[in-house]
4 protein chains.
Amino acid sequence: MRDDPRARGGPRTTIVDVTSRIEIRGRDHEGGTPVSVEHRGRPRSEKSRLAVLKATAGLLVDGGYEDLTIEGIAASAGVGKQTIYRWWGSKASVVVEALAEGYLQAPLAAPADTGDLRGDLREWLLGLKAEIEAPEMSRLLQAIMSALTSASETSSAIHEALIQPIMSGLDARFGAHDAARPGELAAKPDFLAEAMGASLLLHVMFARPLTAEWIDQLLDLVVPRSP
Amino acid sequence: MRDDPRARGGPRTTIVDVTSRIEIRGRDHEGGTPVSVEHRGRPRSEKSRLAVLKATAGLLVDGGYEDLTIEGIAASAGVGKQTIYRWWGSKASVVVEALAEGYLQAPLAAPADTGDLRGDLREWLLGLKAEIEAPEMSRLLQAIMSALTSASETSSAIHEALIQPIMSGLDARFGAHDAARPGELAAKPDFLAEAMGASLLLHVMFARPLTAEWIDQLLDLVVPRSP
Amino acid sequence: MRDDPRARGGPRTTIVDVTSRIEIRGRDHEGGTPVSVEHRGRPRSEKSRLAVLKATAGLLVDGGYEDLTIEGIAASAGVGKQTIYRWWGSKASVVVEALAEGYLQAPLAAPADTGDLRGDLREWLLGLKAEIEAPEMSRLLQAIMSALTSASETSSAIHEALIQPIMSGLDARFGAHDAARPGELAAKPDFLAEAMGASLLLHVMFARPLTAEWIDQLLDLVVPRSP
Amino acid sequence: MRDDPRARGGPRTTIVDVTSRIEIRGRDHEGGTPVSVEHRGRPRSEKSRLAVLKATAGLLVDGGYEDLTIEGIAASAGVGKQTIYRWWGSKASVVVEALAEGYLQAPLAAPADTGDLRGDLREWLLGLKAEIEAPEMSRLLQAIMSALTSASETSSAIHEALIQPIMSGLDARFGAHDAARPGELAAKPDFLAEAMGASLLLHVMFARPLTAEWIDQLLDLVVPRSP
DNA sequence: CACTAATCGAGACGGTACGTCTTGTCTTAAT
DNA sequence: ATTAAGACAAGACGTACCGTCTCGATTAGTG
């Protein structure tokens with residue numbers, strides 16, 4: 001939510017709530033002048049929505065995706081099950097929205113920029129290594145990956161919310177480097193970003209250790225050693 | 001698994017059934033030399049074992065991992081539930097064994113070897129593109145990925161059964177090339193294999209299209225254009 | 001109910017809505033002379049009230065009492081749920097009012113009067129037999145009986161609306177007969193009415209067949225054979 | 001259950017479990033001589049069955065039929081919901097069986113026999129009056145009547161379990177009297193029983209008071225005053 | 001050959017969660 | 001103040017599976 005001043009009273013679409021419920025009515029039910037109405041009935045409760053996302057995040061972190069249940073979310077959020085089914089429709093959808101709204105802080109923020117591309121990436125990977133090895137974080141990653149693969153519809157949503165940002169961040173760094181020192185990179189920036197991001201993510205998915213040696217090899221591939 | 005040249009019907013444990021219940025059998029179910037060791041009671045039914053794996057493969061292909069149930073497998077295989085729980089203990093274990101025994105033919109065999117590395121990889125990727133776009137195959141891939149992420153214990157098993165072979169295949173090709181024409185590759189062979197495999201797998205996982213353009217970019221990264 | 005000559009649209013309470021919320025209304029919804037009394041706000045919609053009763057009757061006939069829901073009534077009547085809760089408060093109340101207002105024509109009208117008591121009763125019972133055997137009617141009877149037993153508060157209301165009329169009809173016939181030919185009846189008229197009505201209703205409730213033999217036996221009990 | 005030495009291990013049919021699950025298998029699954037088998041798998045748990053009936057009776061007495069839920073029964077009996085659905089299939093069925101097995105002691109046992117028919121019936125009715133006026137008993141009666149009308153299939157079951165015994169008891173008494181003093185009764189014994197039973201039951205159903213006056217009137221109808 | 005022991009298919013068991021349905025309340029804008 | 005609309009918390013519905021258990025029936029080895 002954060003800085004999103006969504007107007008109250010209007011039914012809103014979530015990331016996954018593709019079929020918008022808003023219908024324009026040309027006319028009221030009994031007589032009167034044609035009015036353009038946006039909705040009738042009680043508006044969606046923003047309070048409940050946030051409670052659901054928050055509860056989901058909490059349960060996910062300490063319990064994993066498999067043990068996460070709609071009933072559990074509802075109970076923990078103090079919300080009726082129907083409210084969840086009305087607006088999300090599946091466990092994965094809720095997780096995706098919680099991710100998108102920042103309730104699940106995935107430990108994969110963009111690398112810093114000190115001007116030294118290789119150094120920055122290296123720092124970033126080493127930081128990730130530390131973060132990922134925390135059991136809480138590893139459970140969260142597992143959970144996100146599960147949400148991903150459990151429902152094909154959410155796959156693109158997660159790709160946008162989680163994968164894309166990483167790729168974009170890397171892409172921007174490679175792009176800037178390429179602009180400053182043309183010809184130094186082995187391939188087009190966006191592609192380097194993908195190769196590096198993919199290697200990293202697959203590594204994380206399979207819970208393989210991010211050794212310093214592996215990191216150096218990865219860097220060798222995508223960015224030339226400083227002369 | 002790996003270097004376990006398990007003779008059909010011989011004493012075996014499953015991949016993931018860590019706490020093996022059967023250590024040594026006196027005799028094969030059908031044929032083989034009698035080995036006298038302590039063991040009493042009815043021996044495990046190989047027939048049932050195969051029926052389970054076969055049923056699992058079938059149900060997985062048309063239904064996906066989420067809809068796969070132990071009860072469904074048992075019913076479809078004409079087997080008691082207890083038999084499954086006795087020998088496997090979890091859904092993922094069965095899937096992994098079915099995969100390992102080749103009942104689930106993942107469409108990611110190794111590239112051919114015509115001497116032209118770039119050309120071979122290109123052909124391989126184009127073949128994959130065609131295969132992956134078949135709905136049946138895409139369902140299977142989704143299923144495998146789900147089995148992977150649903151249970152962390154199986155993660156390494158699948159990595160070995162599915163990911164490793166691809167990586168190894170690529171690694172061998174890159175290694176051979178490197179030996180023949182040292183210095184031509186941008187990085188160490190095993191690492192090129194990983195970068196390429198990871199990019200590919202992530203692409204497949206997220207069901208993103210394998211365009212010809214993307215393929216060429218990927219090749220540019222890992223193998224030099226023929227002069 | 002009974003002696004409540006309720007003018008359409010005038011101030012009314014329902015049969016069971018004990019705590020009447022509306023005492024006096026200034027004016028009818030449609031037409032009628034303005035009566036100046038304290039009352040503010042939108043008046044109750046007679047249209048909605050009738051729509052509810054009609055919808056209830058319809059749903060009850062094809063679906064039975066168990067499948068009747070407040071939501072269903074509201075939707076079918078094009079009325080808000082709150083309107084029903086405001087004015088009736090329970091499913092049974094609506095059914096009772098629908099019954100009282102004649103929307104549910106129970107097939108138990110009074111017997112004709114041709115002067116021949118036994119013959120009249122016989123004709124009446126034979127007519128009932130035919131009616132009751134129609135599946136639609138049997139469903140309605142079941143529904144009414146269910147409404148009866150489901151809520152103890154409505155029990156007396158239904159007794160008044162459904163049972164009493166029958167009993168009264170019979171009582172009047174027996175009474176007239178007794179006045180005309182004193183001493184011919186086996187018991188006091190009101191009691192004969194009850195015995196006969198009760199036998200009949202229990203028979204109907206348990207969906208037992210009204211055979212000609214049974215009818216004759218019943219008549220033998222309560223009214224002497226014509227000499 | 002009580003004195004019913006139902007053989008253990010065989011699936012049993014309840015009153016309402018019309019479709020027996022027993023199938024005769026001519027032959028075992030894999031080879032062997034033809035065997036006539038009565039069942040396979042774990043036998044039905046008599047313990048669970050009794051727990052369900054007992055819990056139902058308890059909940060019914062203090063709570064009524066409306067508030068009785070399958071979930072409540074299951075929880076109270078320490079039984080899975082599926083066990084109830086497997087063997088009964090509806091709330092009413094359970095209630096009917098509980099009634100049939102004597103867990104719900106309906107307060108309508110047969111009248112005593114002191115040789116004085118009218119006196120016995122009078123005592124019986126006065127006893128009922130006292131019993132019925134107890135709030136616990138009135139709740140139970142309501143509950144039984146609700147179970148009756150809520151499901152048409154159970155109607156005949158309840159008729160057999162509850163109504164029939166009363167009718168039979170009365171019938172026997174009237175029959176004996178008729179045999180001893182022919183011509184004294186106003187109608188055939190079975191019919192007197194029905195008229196009297198019906199009057200009584202309808203009275204009870206509608207929770208109308210059993211006044212002494214009403215009792216005497218009823219008796220006047222069906223049994224002659226002692227000379 | 002009998003006996004012992006482990007497995008087999010079958011299916012009932014106590015549970016948990018599902019996704020749907022309904023209840024009775026509440027909150028809008030419109031009348 | 002009442003209306004239609006419809007979201008809300010609550011909780012029961014009936015179903016589907018879980019993983020365990022308890023049957024009778026196999027099917028080997030051991031005595």
Side-chain angles (χ1 to χ4, degrees), chain A residues 8-9 11 21 28-32 35 37-45 47-48 69-72 74 78-87 89-91, chain B residues 21 26-27 29 36 38-45 47-48 69-72 74-75 78-87 89-91, chain C residues 22 39-45 47-48 69-72 74 78-86 89-91, chain D residues 8-9 11 21 28-32 35 37-45 47-48 69-72 74 77-87 89-91:
Chain A
R8 236 176 165 264
R21 281 153 215 270
D28 192 341
H29 177 253
E30 17 185 334
V35 199
V37 179
E38 235 187 41
H39 83 106
R40 311 238 269 159
R42 186 180 183 170
R44 177 174 186 183
S45 160
K47 187 175 141 198
S48 293
T69 64
I70 298 273
E71 289 203 332
V79 144
K81 285 167 66 178
Q82 198 58 250
T83 298
I84 298 180
Y85 283 108
R86 181 157 30 233
W87 300 109
S90 85
K91 214 166 60 167
Chain B
R21 290 185 183 80
R27 204 184 185 299
H29 177 254
S36 67
E38 29 69 49
H39 162 67
R40 313 229 288 157
R42 186 178 184 173
R44 176 174 185 182
S45 161
K47 189 174 139 199
S48 293
T69 65
I70 299 273
E71 290 207 328
V79 143
K81 284 166 65 177
Q82 197 59 249
T83 299
I84 297 181
Y85 282 108
R86 179 153 33 229
W87 300 110
S90 86
K91 210 168 60 167
Chain C
I22 299 176
H39 163 68
R40 314 226 290 157
R42 188 177 182 174
R44 175 174 186 183
S45 162
K47 189 173 137 198
S48 293
T69 63
I70 299 272
E71 289 207 328
V79 144
K81 283 167 64 179
Q82 197 57 250
T83 299
I84 297 180
Y85 281 109
R86 179 154 29 234
S90 86
K91 212 166 59 168
Chain D
R8 245 192 153 253
R21 281 153 215 270
D28 191 341
H29 178 253
E30 14 185 336
V35 198
V37 179
E38 235 187 39
H39 82 105
R40 311 239 267 158
R42 184 179 185 172
R44 177 175 184 182
S45 161
K47 188 175 140 200
S48 293
T69 64
I70 298 273
E71 289 203 332
V79 143
K81 284 166 67 176
Q82 199 58 247
T83 298
I84 298 181
Y85 283 109
R86 182 157 29 232
W87 300 108
S90 83
K91 213 167 57 169

Engineer: Does B:W87 put a side-chain nitrogen or oxygen below 4.0 Å from OP1 or OP2 of E:dT7?
Structural biologist: no
Engineer: Ignoring hydrogens, what is the shortest heavy-atom contact between B:I84 and B:V79? Give both atom names and the distance.
Structural biologist: CG1-CG1, 4.1 Å
Engineer: Need the bend value for the helix from E:dC1-F:dG31 to E:dT31-F:dA1: angle between end axes, 5 pairs each end, nearest 10°.
Structural biologist: 10°
Engineer: The criterion is side-chain hydrogen bond (donor to acceptor under 3.5 Å, both in side chains); which residues satisfy it with B:K81, sequence neighbours excluded?
Structural biologist: B:E71
Engineer: Measure across C:T69 and C:K91 and return the closest heavy-atom pair with its distance rounded to 0.1 Å.
Structural biologist: CA-CD, 4.3 Å
Engineer: For C:S48, enumerate each residue passing the side-chain hydrogen bond (donor to acceptor under 3.5 Å, both in side chains) test, keeping only those at least two apart in sequence or located in another chain.
Structural biologist: C:S45
Engineer: Return the minimal non-hydrogen interatomic distance between C:A74 and C:G80, and the atom names on each side.
Structural biologist: CB-C, 4.2 Å
Engineer: Name the residue closer to the 5' end of DNA chain F, choosing between A:G80 and C:A74 according to the nucleotide with the nearest heavy atom.
Structural biologist: C:A74
Engineer: According to a strict under-4.0 Å criterion, is C:R44 in side-chain N/O contact with OP1 or OP2 of F:dT3?
Structural biologist: no
Engineer: Without decimals, in angstroms, what is the distance between D:K47 NZ and E:dG14 P?
Structural biologist: 8 Å
Engineer: Whether the side chain of B:R42 and the base of E:dT7 hold a donor-acceptor pair under 3.5 Å is what I'd like checked.
Structural biologist: yes
Engineer: Does D:R40 make a side-chain N or O approach to OP1 or OP2 of F:dA25 shorter than 4.0 Å?
Structural biologist: no
Engineer: Check the distance between F:dC13's C1' and D:I84's CD1 and give it to me in whole angstrom.
Structural biologist: 13 Å
Engineer: Would you indicate, yes or no, if E:dT7 has its OP1 or OP2 atom less than 4.0 angstrom from a side-chain nitrogen or oxygen of B:T83?
Structural biologist: no
Engineer: Polar-atom pairs under 3.5 Å, protein N or O versus N or O of nucleotides 21-24 of chain E: list them with distances, or write none.
Structural biologist:
unit_1: E:dC21; atom_1: N4; unit_2: A:Q82; atom_2: NE2; d: 2.5
unit_1: E:dT23; atom_1: OP1; unit_2: C:I70; atom_2: N; d: 3.2
unit_1: E:dT23; atom_1: OP2; unit_2: C:I70; atom_2: N; d: 3.2
unit_1: E:dT23; atom_1: OP2; unit_2: C:E71; atom_2: N; d: 3.2
unit_1: E:dG24; atom_1: OP2; unit_2: C:Y85; atom_2: OH; d: 3.1
unit_1: E:dG24; atom_1: N7; unit_2: C:K81; atom_2: NZ; d: 3.1
unit_1: E:dG24; atom_1: O6; unit_2: C:K81; atom_2: NZ; d: 2.7

Engineer: Which nucleotide wins on minimum distance to the side chain of B:V79, given the candidates E:dG9, F:dT3, E:dC13?
Structural biologist: E:dG9
Engineer: C:R86 has an atom CZ; how far is it from atom C1' of F:dT3, in whole Å?
Structural biologist: 7 Å
Engineer: Does E:dT7 have its OP1 or OP2 closer than 4.0 Å to a side-chain nitrogen or oxygen of B:S48?
Structural biologist: no
